[in-house]
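Note that these values count all heavy atoms, side chains included, but never hydrogens, waters or copies made by symmetry. Naming convention: chains lettered A, B, ... in sequence-line order (proteins, then strands); numbering from 1 in each chain. In this text the structure is predicted, and so the values were computed from the model without any measurement.
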Amino acid sequence: MSAATRIPNAIDRRRFLQDAARAVAGCAVAGMFLGQLARQARALPAEALRPPGALPEPEFLAACLRCGLCVRDCPYGTLSLARAGVDGAAVGTPFFTARDVPCEMCDDIPCVLACPSGALDPGLTAIDDARMGVAVLVDQQHCLNALGLRCDVCYRVCPAIDAAITLEQSHNARTGHHAVFMPTVHAEACTGCGKCEKSCVLPEAAIKVLPTRLARVAAADHYRLGWEEQERAGAPLVEGIIDLPDRVPDLAPTAGAGGFAPLFQLPEAGQ
Amino acid sequence: MSAATKPRVNAASTAARGWVVAHRYLILRRLSQTVFLGLFLIGPWFGIWWVKGNLAGSMTLEVLPLTDPLVLIQSLLAGHWPALTALIGALIVGLGYALIGGRVYCAWVCPINPVTDAAHWLHQRLGLAKGWQPKRGTRLWVLGMVLGVSAATGTIAWELVNPISMLHRGLIFGIGFAWAWVLAVFAFDVLVSRRGWCGHLCPVGAFCGLLGSASLLRVSAAGRAACDDCMECFAVCPEPHVIGPALRGSGSAPALILSPDCTNCGRCIDVCAPDVFRFTHRFNRRTGETSAPQSPAHTRSGASRAA
Ligand code: SF4
Ligand code: SF4
Ligand code: SF4
């Protein structure tokens, strides 16, 4: 009697354990594939820029619902949702390609207002604070300004002109008597809107918006810049620092106090 | 051919009550599926922006936010605390489905349902074998796996592969190669496993089932006294195991279908010539007396089945 009741129980238990083990094993395999996909999804291609206010990529993938409300509320058709197997960004997430349609930096930031999830940080209220990437003059061989011409297009279209991008003058060594007006991006003011990349006149943009992770490096913490420290402190950092005399060749034949007598006289000296 | 020996499902009910009555819930479901997809499509197609977004998250008439609660749960597990709009949206959707039955989503809204229904139709036409039939709890394991991967990788993991959003988002925002997912589900259901996707694996369906396990809206086999054992309901039901306890219970045992797996699709109501099934609420425990007088003509007649 007891054997008769025990055996079915044992069989049941055995079957249950077998089923559970099978399910766990199956899910472990499927889960590994899914996990692998999830890791790969983080590799955002450099040309795919996230909308203004997007959280850093790992957090963004935890937050974005892929609803496309930001896409819908962008008045310029800048954004689109990544299509499976076509666009490089994680499938269904919003991105834009600066060379196609850059961000026009709307004052009211409708994309951020539309986002229900907080994947686009509602704390971003001034579009100038957006950091979608950083423009970099990637090809100084072909940039027309770098060649000494006056294209200036990227500079002129920049919504943060003279802050995010300036034209830095230097001597044109080729002609010997002209200036080079080098487009120079100042990362701390660049929003990464991509208008410069969009409007570069070359067949392929010589200036490109890159993701911040590629375009910038962290400052070296162990290295202090003396002039900044001094400005911050409002005074020299070390009191009573000895200011050694500058050793300029004194061309006058007679040396006063603190001066040096020259070892030799230049022929035309003392003009 | 099997078609010659076995009358097509729903033949008896159609003969007895006419095509429209015998397909009324099917028609309503297809209509509802079309409307739910259409509301999202009239924006991009015709510029009528009543509804923006997709099933994962949407905004209706600029006031009503809706969020897929399963996506939101994955987001929470991935370590993100969502903004208020998404939370409210998920609460509305969650409460709604908890009330009318989570799997109402499966039968009335989900865009994959017509795909797997078509696959099942083809499967039947071809007279194929059942194929792989995973255990009943499998989809719960899959759901657990999805939540686990979301937590472990810090991403909304299921949305990377979810064929539902692939299709729905794809139709609205551009599909890319997402149709391959849909095709895969179709092929899986036809060739590998009868009713395999929606019936056994889909974690969204599993979640919907859990969500609606105490739902108000229920199908009841209230007229079970009139059942003539034609087995049409079992043949047509996508989750046939839910019918047994309600239909075969006797005496005072409730005739309500209480399994959370029931999708509230109403197919059993459509195909039942003796009109055994009806929609009701979960506190309606009456059986028999309401339906018995209505359908004496074609119950237990056998003639209606032969027709
Ligand atoms: S700021 Fe304006 S242009 Fe830029 S992505 Fe947002 S909505 Fe579009
Ligand atoms: S609105 Fe927010 S949640 Fe929706 S797709 Fe855009 S970033 Fe993602
Ligand atoms: S638009 Fe292009 S070519 Fe012209 S200055 Fe800028 S980077 Fe150089």
Side-chain angles (χ1 to χ4, degrees), chain A residues 15-16 18-20 22-42 55 57-73 79-87 90-94 112-123, chain B residues 43-44 49 52-59 65 67-68 71-72 74-89 134-135 137-138 140-142 144-146 148-150 152-162 165-166 169-170 172-181:
Chain A
R15 177 170 297 159
F16 171 78
Q18 247 173 18
D19 289 347
R22 207 173 278 154
V24 169
C27 284
V29 172
M32 248 141 67
F33 277 111
L34 190 57
Q36 188 59 31
L37 266 179
R39 302 214 128 261
Q40 282 169 0
R42 291 189 184 172
L55 300 176
E57 191 63 9
E59 284 104 86
F60 187 78
L61 291 182
C64 174
L65 307 169
R66 298 146 200 248
C67 64
L69 290 175
C70 51
V71 173
R72 291 302 183 219
D73 279 12
L79 305 172
S80 46
L81 294 186
R83 293 159 296 170
V86 180
D87 306 305
V91 62
T93 54
V112 170
L113 293 182
C115 178
S117 69
L120 306 184
D121 184 0
Chain B
W49 294 106
K52 285 182 198 165
N54 55 47
L55 285 177
S58 63
M59 180 58 84
T67 312
D68 180 336
V71 172
L72 202 81
Q74 291 176 74
S75 178
L76 280 167
L77 287 174
H80 174 70
W81 182 254
L84 195 63
T85 314
L87 286 170
I88 294 174
K135 286 279 175 315
T138 307
L140 292 172
W141 284 98
V142 178
M145 178 272 286
V146 163
V149 172
S150 287
T153 60
T155 55
I156 300 179
W158 188 240
E159 290 310 293
L160 293 168
V161 291
N162 186 356
S165 14
M166 289 282 177
R169 192 200 305 119
I172 299 164
F173 287 92
I175 196 152
F177 285 93
W179 52 264
W181 265 261

Chemist: Do the side chain of S117(A) and the main chain of P82(B) share a donor and acceptor less than 3.5 angstrom apart?
Modeler: no
Chemist: Which bit of D73(A) comes within less than 4.5 Å of chain B, counting heavy atoms only: side chain, backbone, both or neither?
Modeler: side chain
Chemist: To the nearest 0.5 angstrom, please state how far the CG atom of L65(A) sits from the CG atom of D68(B).
Modeler: 8.5 Å
Chemist: Is R66(A) positioned over the aromatic face of F173(B), cation under 6.0 angstrom from the ring centre and no more than 45 degrees off axis?
Modeler: no
Chemist: Between S165(B) and chain A, which part of the residue has a heavy atom less than 4.5 Å away: side chain, backbone, both or neither?
Modeler: neither
Chemist: Rounded to the nearest 0.5 Å, how far does CZ of F60(A) lie from CD1 of I156(B)?
Modeler: 9.5 Å
Chemist: Name the member of L76(B), T85(B), T138(B) that forms the most heavy-atom pairs with chain A at distances under 4.5 Å.
Modeler: T85(B)
Chemist: Between atom CG of L61(A) and atom CG of L160(B), what is the distance when rounded to the nearest 0.5 Å?
Modeler: 7.5 Å
Chemist: Measure the spacing between NZ of K135(B) and CD of Q18(A) and express it to the nearest 0.5 Å.
Modeler: 9.0 Å
Chemist: Kindly give the heavy-atom pair with the smallest separation between C27(A) and V142(B), and that separation in Å.
Modeler: SG-N, 3.8 Å
Chemist: Please indicate whether R39(A) has more than 12 foreign heavy atoms, meaning atoms of other residues, nucleotides or ligands, lying under 6.0 Å from its CZ.
Modeler: no
Chemist: Say you draw a straight line from CG of L55(B) to SG of C67(A); how long is it, rounded to the nearest 0.5 Å?
Modeler: 11.5 Å
Chemist: Heavy atoms only: give me the nearest A83(B)-G118(A) pair and the separation to one decimal.
Modeler: CB-N, 3.7 Å
Chemist: Considering non-hydrogen atoms only, spot the tightest contact between A62(A) and S75(B) and give its length.
Modeler: O-OG, 2.7 Å
Chemist: Show the nearest heavy-atom pair for residues M145(B) and A30(A), with the distance to one decimal.
Modeler: CE-CB, 3.8 Å
Chemist: Out of curiosity, L69(A) CG to N54(B) CG, how far, rounded to the nearest 0.5 Å?
Modeler: 8.0 Å
Chemist: In sequence, state the C-alpha distance, the side-chain angles, and the governing distance for L34(A) and W158(B), and then conclude on side-chain contact (heavy atoms from CB on, under 4.5 Å).
Modeler: CA-CA 8 Å; L34(A) 190 57; W158(B) 188 240; 4.3 Å; yes
Chemist: Nearest heavy-atom pair of M166(B) and A84(A): which atoms, and what distance?
Modeler: SD-CB, 4.2 Å
Chemist: T153(B) versus chain A, heavy atoms under 4.5 Å apart: side chain, backbone, both or neither?
Modeler: both
Chemist: Sort W181(B) into side chain, backbone, both or neither according to what part of it lies under 4.5 angstrom from a heavy atom of chain A.
Modeler: side chain
Chemist: Side chains of I175(B) and R83(A), heavy atoms from C-beta outward: is any pair under 4.5 Å?
Modeler: no
Chemist: I would like to know whether V91(A) and E159(B) meet side-chain contact (heavy atoms from CB on, under 4.5 Å); could you show each step before the answer?
Modeler: CA-CA 8 Å; V91(A) 62; E159(B) 290 310 293; over 6 Å; no
Chemist: Can you check whether C64(A)'s main-chain N or O pairs, donor with acceptor, with H80(B)'s side chain at less than 3.5 Å?
Modeler: no
Chemist: So for A41(A), is it side chain, backbone, both, or neither that comes closer than 4.5 Å to the heavy atoms of chain B?
Modeler: side chain
Chemist: Pick one of side chain, backbone, both or neither for A178(B), based on which atoms fall under 4.5 Å of a heavy atom in chain A.
Modeler: both
Chemist: Is it the backbone or the side chain of P122(A) that comes under 4.5 Å from a heavy atom of chain B, or both, or neither?
Modeler: neither
